[in-house]
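Heads up, the thing below is written out as structure tokens.
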Amino acid sequence: RSQTVVGNMGEVKKGVYQYKLTSSGSGWTAKPFGEMADGLAECTGATAEEVEKAMYDACKEASGTEKEFTFANDMVSPKVSLFTAAIEAAYEPK
């Protein structure tokens, strides 16, 4: 579930932002998915850490938040991980 809140700092798109990262051997690619995927940029980089920073920055920009937020980036196989950031929202798995 997502909602937009307008406050003193501007519009914030609250919600759960998600990426699927895959390794091609020569680098990592992160593709957005889920209900907040619209407007999220695809991210690429040489290392998983580089792409993780790019995903964080993309989520911050897409959401419009000025606050810091937490995220989880969990490996599901040696070449795939899932990134989830709950921005001013609670993550409730379905």
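Taking the side-chain contact (heavy atoms from CB on, under 4.5 Å) definition, one finds that Ala48 meets it with Trp28, sequence neighbours left out.
Distance check, rounded to the nearest 0.5 Å: CD1 of Ile87 to CD of Glu68 gives 10.5 Å. Rounding to the nearest 0.5 Å gives a distance of 10.0 Å between OG of Ser81 and NZ of Lys20. Going from atom OG1 of Thr84 over to atom CZ of Phe71 covers 10.5 Å, rounded to the nearest 0.5 Å. Note that OG of Ser63 and CE of Met36 are 8.0 Å apart. Values are rounded to the nearest 0.5 Å.
Within a 6.0 Å sphere centred on CD of Glu42, heavy atoms belonging to other residues, nucleotides or ligands number more than 12. The 12-atom threshold is exceeded at NZ of Lys60, counting heavy atoms of other residues, nucleotides or ligands nearer than 6.0 Å.
Results of the side-chain contact (heavy atoms from CB on, under 4.5 Å) test with Leu21 over Val80, Val51, Thr29, Leu82 single out Val51 as the only residue that passes.
Inspection of the Glu52 and Tyr19 side chains reveals no N or O donor paired with an N or O acceptor under 3.5 Å.
In this structure, Tyr56 has its ring center closer than 6.0 angstrom to the ring center of Phe69.
The two atoms that bring Cys59 and Ala85 nearest to each other are SG-CB, 4.5 Å, heavy atoms only. In terms of heavy atoms, Glu50 sits closest to Thr44 at OE2-O, 4.2 Å.
With salt bridges taken as basic N to acidic carboxylate O contacts below 4.0 Å, none links Lys13 and Glu88.
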